[in-house]
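One structure is given here, and the rest of the page talks about it.
Indexing begins at 1, ligand by ligand and atom by atom, following the structure's order. Note that these values count all heavy atoms, side chains included, but never hydrogens, waters or copies made by symmetry.
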Amino acid sequence: MPKLKEFCCTAWNWLDERLGIAPLVEHAKHKTVPQHKHSFWYYWGGLCLFFFIVQVLTGLMLMVYYRPGPDAYDSVRRITTEVQFGWLVRSMHSWSANLMVFAVMVHMFSVFFMKAYRRPREFGWWTGLGLLGAVMVFGFSGYLLPMDDLAFFATRVGLSVPEIMPGAKPIITAIARGGGDVGPNTVQRFFLLHVMLLPMIFSALLGIHLWLVQKHGNAVPQSEADKPEEARRSVPFFPNFMLRDVAVWLLMLNLLAMLAAFFPWKLGVPADPLAAAPAGIHPEWYFMSQFVVLKILGNWLPGVLGEYAGVGLFTAGMVLWGLIPLFDPETAGGKRGRQVTYFGLFVLVAQIVLTVLAYRLA
Ligand code: HEM
């Protein structure tokens, strides 16, 4: 045992001399995480990170066999039916993508209700919204890649929505779709977006986001902030909180493995642009609220007015959501704080109700 200890010390000194890692460990040892009745929500940012790591690892494995372009469908069929454990890796990638969107949403609403967007954490909120946007585009671009009938028709509908905006059609035709209809060119472009552009943008945003969390530490809800200093509790990040984080990650890995094994991700029939769209075509669950609003407004208003109103409504909503830190900037309670909480509750309930409604109408 003393020999092992001596070896570890020598190895540590060797690494520290070359990489200067001792200050990082010192920093981690001094970092603390507040403990209170809402501490459960602090695990969700780490969970988003966990699912992102799963996405990168399983995505790299899928890329070994996936072929963008005209062979896309055949390569996914091969991954699902011929490559050893290909079906499992593909299932894990798809389930983890959905769980990641869910975790990001829970994380966003929890930091919202804890008012963690307030001074000096505004950039944490804004980089977070950038990450949410990137996650949604990851989902949208990944959905097309297998090129089965569902993927094809959902993307066709998805791209037709922004196309109605003035001046957008030539840009979408030339850049996003690479032609008049969704086809192998679109798959090639979406693949580039999915495996190159988005990971670069996402990693840069994530780096800033995590650096800001290190810089400002975790925000505490107002009820905790009002307590006297000596009544507040916290635990060291390293090793206490980190070990709990790891325990939660392992639980999620189990859930993911069970979902992937018992509910393997399906592959539909190959896309046929000349066939009629299958009945009940709809996007992934996280686009369903937008989908149903467009559908309802489209039925109510004549011509493209419905689409204009829907796109306008969502753009205004997103801008308002992004500006929240400017409307409710202060740490003290008050009328504005309460108004913002009611607004957040309204957005959350509206999202849930619209999503349920969308599935009932689909
Ligand atoms: C994949 C996306 C994301 C990842 C990997 C991520 C990661 C993290 C992590 C690890 C933390 C620290 C632990 C915690 O407080 O939960 C954190 C904090 C934070 N995140 Fe995110 N996040 C993501 C998306 C978002 C989104 C969508 C928002 C909001 C729009 C957001 C806003 C914040 C804020 C304001 C904090 C500071 C919370 C505090 O001080 O307690 N994040 N994030």
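- Between the side chains of Gln35 and Ser234, not a single donor N or O lies within less than 3.5 Å of an accepting N or O.
- Tyr42 counts as a contact of ligand 1, since one of its heavy atoms falls under 4.0 Å from the ligand.
- Counting heavy atoms under 4.0 Å from ligand 1, residue Phe52 does not touch it at all.
- Just one residue in the list Thr58, Val56, Leu57 forms a side chain to side chain contact (heavy atoms under 4.5 Å, CB included) with Val54, and that residue is Thr58.
- Interface atoms of ligand 1 facing Ala116, defined by a heavy-atom separation under 4.0 Å, are 35 (C), 38 (C), 39 (C).
- In summary, Lys227 and Glu224 engage in a salt bridge, as defined by a charged side-chain N under 4.0 Å from a carboxylate O.
- Close approach of ligand 1 to Leu132 (heavy-atom distance below 4.0 Å) involves ligand atoms 27 (C).
- Using a non-hydrogen distance threshold of 4.0 Å, Gly217 registers as a contact of ligand 1.
- Using cut-offs of 30° and 60° for the angle between ring planes, the Phe113 and Phe109 rings count as parallel.
- Side-chain atoms of Asp226 and Gln222 include a donor-acceptor pair closer than 3.5 Å.
- Of all atoms in ligand 1, numbered sequentially from 1 with element shown, those under 4.0 Å from a heavy atom of Met100 are 1 (C).
- In terms of N/O distances under 3.5 Å, ligand 1 is not approached by Val135.
- Taking a cut-off of under 4.0 Å to the non-hydrogen atoms of Phe202, the atoms of ligand 1 that pass are 1 (C).
- Looking from atom 41 (O) of ligand 1 to the surrounding protein, the closest heavy atom is Ala219 N, 3.0 Å.
- At least one N/O-N/O distance between Arg121 and ligand 1 falls below 3.5 Å.
- Geometrically, Arg18 engages Trp14 in a cation-pi contact, judged by NZ or CZ lying under 6.0 Å from the ring centre and within 45° of the ring axis.
- Counting the atoms of ligand 1 from 1 in the order shown, those under 4.0 Å from a heavy atom of Leu210 are 9 (C), 10 (C).
- Within the structure, the closest approach of Trp126 to ligand 1 does not fall below 4.0 Å when heavy atoms are considered.
- Counting only distance, with no hydrogens or angles, the side chain of Arg90 and the backbone of Val76 share no donor-acceptor pair below 3.5 Å.
- Between Phe102 and Trp44, the ring planes are perpendicular. Angles over 60° get that label, and only those under 30° would be called parallel.
- If you look at atom 21 (Fe) of ligand 1, the protein N, O or S atoms less than 2.8 Å from it are His107 NE2, His209 NE2.
- Atom OG of Ser110 and atom CZ of Phe40 lie 9.0 Å apart (nearest 0.5 Å).
- Remark: the backbone N or O of Gly124 is paired with a side-chain donor or acceptor of His209 at under 3.5 angstrom.
- Relative to the ring axis of Tyr65, Arg78 does not place its NZ or CZ within 45° and under 6.0 Å from the centre.
- For Ala275, the side-chain contact (heavy atoms from CB on, under 4.5 Å) partners two or more places apart in sequence, or in a different chain, are Asp272.
- Atoms of ligand 1 found under 4.0 Å from any heavy atom of Leu49 (numbered from 1 in listed order, with element): 5 (C).
- Heavy-atom proximity to atom 15 (O) of ligand 1, evaluated over Asn218, Val220, Val106, is greatest for Asn218.
- Distances between N or O atoms of Tyr117 and those of ligand 1 include no value under 3.5 Å.
- The pair Asp328-Arg118 counts as a salt bridge, with a side-chain nitrogen and a carboxylate oxygen less than 4.0 angstrom apart.
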